[in-house]
Amino acid sequence: CLNPELPDFLGRIRELGYAVKLDTNGSFPEMLRTVVNQGLVDYVAMDIKNSPEKYAVTSGREYLDLSLIRDSVSMLMQSKADYEFRTTVVEELHEASDFEKIGAWISGCSRYFLQPFTDRNTVPYGNFHSPGEAKMREYLEIVKKQVPCSFLRGIG
């Protein structure tokens, strides 16, 4: 969504007959709104990094204006677009209360996935870990109270 040529690019892909899935962190709601409203995407997957209070630190920043992220969340939830929200769960960054807050924030969404963190050499910060399966299931049960269409991804 950083590139102003995204709508033209997606249009060319659609003309070739391909379906388009857009992955986004939600930082550019106007571009997201444009491609959704123009019917240029078939599916949108948007990251929900953490509860609002911990969003900046989870994003690797000291401060983050969440208004753009909130705008993208609201826009997707009010649109006719097929979408999902997802959180990559990191042992060192997430706790049960975060999922209560995330659930309240995205209550009414069409689908939400929790997926365990996987360490890679592209991760700029070291020493992060995935919670165990029991903890992932605990977080899922917490969020399901407000977001019944929640699921685990990447768990046996």
Side-chain angles (χ1 to χ4, degrees), residues 1-2 6 10 13 18-33 35-36 40-156:
C1 291
L2 283 167
L6 182 63
L10 295 179
I13 291 171
Y18 292 104
V20 175
K21 175 185 175 227
L22 180 68
D23 291 87
T24 182
N25 66 13
S27 294
F28 297 90
E30 286 307 315
M31 180 61 77
L32 182 59
R33 185 174 284 108
V35 298
V36 166
L40 296 172
V41 294
D42 296 288
Y43 194 81
V44 177
M46 182 178 157
D47 297 324
I48 301 293
K49 302 288 187 195
N50 208 330
S51 61
E53 297 82 1
K54 292 170 71 176
Y55 218 92
V57 70
T58 305
S59 299
R61 298 182 171 168
E62 289 183 31
Y63 172 78
L64 179 69
D65 178 3
L66 269 185
S67 63
L68 298 173
I69 308 296
R70 289 182 186 279
D71 188 17
S72 291
V73 167
S74 296
M75 188 278 300
L76 284 173
M77 289 179 61
Q78 294 170 14
S79 76
K80 294 180 182 174
D82 196 9
Y83 71 92
E84 72 179 51
F85 295 128
R86 64 187 177 203
T87 298
T88 299
V89 185
V90 179
E91 179 71 30
E92 293 79 8
L93 298 175
H94 295 96
E95 57 191 330
S97 62
D98 296 317
F99 293 97
E100 293 170 4
K101 294 170 185 173
I102 292 170
W105 180 13
I106 64 170
S107 180
C109 73
S110 63
R111 83 185 58 78
Y112 176 56
F113 291 91
L114 300 178
Q115 55 196 29
F117 170 77
T118 302
D119 196 14
R120 294 184 175 92
N121 63 358
T122 57
V123 176
Y125 314 104
N127 300 317
F128 283 147
H129 303 90
S130 172
E133 183 174 341
K135 185 70 74 175
M136 291 291 293
R137 293 193 184 284
E138 174 189 335
Y139 294 160
L140 177 66
E141 291 310 310
I142 290 168
V143 83
K144 272 189 168 237
K145 293 174 186 171
Q146 297 179 66
V147 185
C149 56
S150 296
F151 308 93
L152 292 178
R153 179 180 281 149
I155 300 280

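In this chain, numbering begins with 1 at the start of the sequence shown. Keep in mind it's a predicted model, so treat the numbers as computed, not measured. The figures that follow rest on heavy atoms only: side chains count, while hydrogens, waters and symmetry mates do not.
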Do [X] and [Y] have side chains that approach each other closer than 4.5 Å (heavy atoms only, starting at C-beta)?
{"X": "Glu30", "Y": "Leu68", "answer": "no"}
{"X": "Ile69", "Y": "Met46", "answer": "yes"}
{"X": "Arg153", "Y": "Leu114", "answer": "no"}
{"X": "Leu76", "Y": "Phe85", "answer": "yes"}
{"X": "Leu93", "Y": "Lys54", "answer": "no"}
{"X": "Ile48", "Y": "Val73", "answer": "yes"}

Identify the heavy atoms of [X] and [Y] that sit nearest to each other, and give their distance.
{"X": "Gly132", "Y": "Glu91", "result": "N-OE1, 4.5 Å"}
{"X": "Lys101", "Y": "Ser51", "result": "CB-CB, 3.8 Å"}
{"X": "Cys149", "Y": "Ser110", "result": "SG-O, 3.1 Å"}
{"X": "Lys21", "Y": "Asp23", "result": "NZ-OD2, 3.1 Å"}
{"X": "Cys1", "Y": "Leu6", "result": "CA-CD2, 3.9 Å"}
{"X": "Gln146", "Y": "Ala104", "result": "OE1-CA, 2.8 Å"}

* Which residue, Trp105, Tyr139, Tyr112, forms the ring pair (Phe, Tyr, Trp, His ring centres under 6.0 Å) with Phe99? ->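 Single ring pair (Phe, Tyr, Trp, His ring centres under 6.0 Å) partner of Phe99 among Trp105, Tyr139, Tyr112: Tyr139.
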
* Asked: Are the charged groups of Asp82 and Arg111 less than 4.0 angstrom apart, N to O?
  ->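 Salt bridge between Asp82 and Arg111, a charged N being under 4.0 Å from a carboxylate O: yes.
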
* To do: Before accepting this row, confirm whether a basic side-chain N of the pair Glu141/Lys144 lies closer than 4.0 Å to the acidic partner's carboxylate O.
  =>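 No, Glu141 and Lys144 are not salt-bridged.
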
How long is the gap from [atom1] on [X] to [atom2] on [Y], to the nearest 0.5 Å?
{"X": "Arg33", "Y": "Ser74", "atom1": "CZ", "atom2": "OG", "answer": "9.0 Å"}
{"X": "Gln115", "Y": "Ser130", "atom1": "CD", "atom2": "OG", "answer": "10.5 Å"}
{"X": "Lys49", "Y": "Thr88", "atom1": "NZ", "atom2": "OG1", "answer": "7.0 Å"}
{"X": "Leu10", "Y": "Leu40", "atom1": "CG", "atom2": "CG", "answer": "5.5 Å"}
{"X": "Thr24", "Y": "Tyr83", "atom1": "OG1", "atom2": "OH", "answer": "14.5 Å"}
{"X": "Asp71", "Y": "Ser27", "atom1": "CG", "atom2": "OG", "answer": "11.5 Å"}

Within the distance-only criterion (no hydrogens, no angle test), does the side chain of [X] pair as donor or acceptor with the backbone N or O of [Y] below 3.5 angstrom?
{"X": "Glu100", "Y": "Ile142", "result": "no"}
{"X": "Thr87", "Y": "Val89", "result": "no"}
{"X": "Asp42", "Y": "Val20", "result": "yes"}
{"X": "Glu92", "Y": "His129", "result": "yes"}

* Got a sec: does the OH of Tyr43 have more than 12 other heavy atoms crowding it under 6.0 Å? ->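 Count over threshold, so yes.
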
* May I ask you to decide if the ring planes of Phe151 and Phe113 are parallel, tilted or perpendicular, using 30° and 60° as cut-offs? =>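 Phe151 vs Phe113 ring planes: tilted.
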
* To do: Assess whether side chain to side chain contact (heavy atoms under 4.5 Å, CB included) is satisfied between Leu32 and Leu22, documenting all intermediate values.
  => CA-CA 9 Å; Leu32 182 59; Leu22 180 68; 3.8 Å; yes

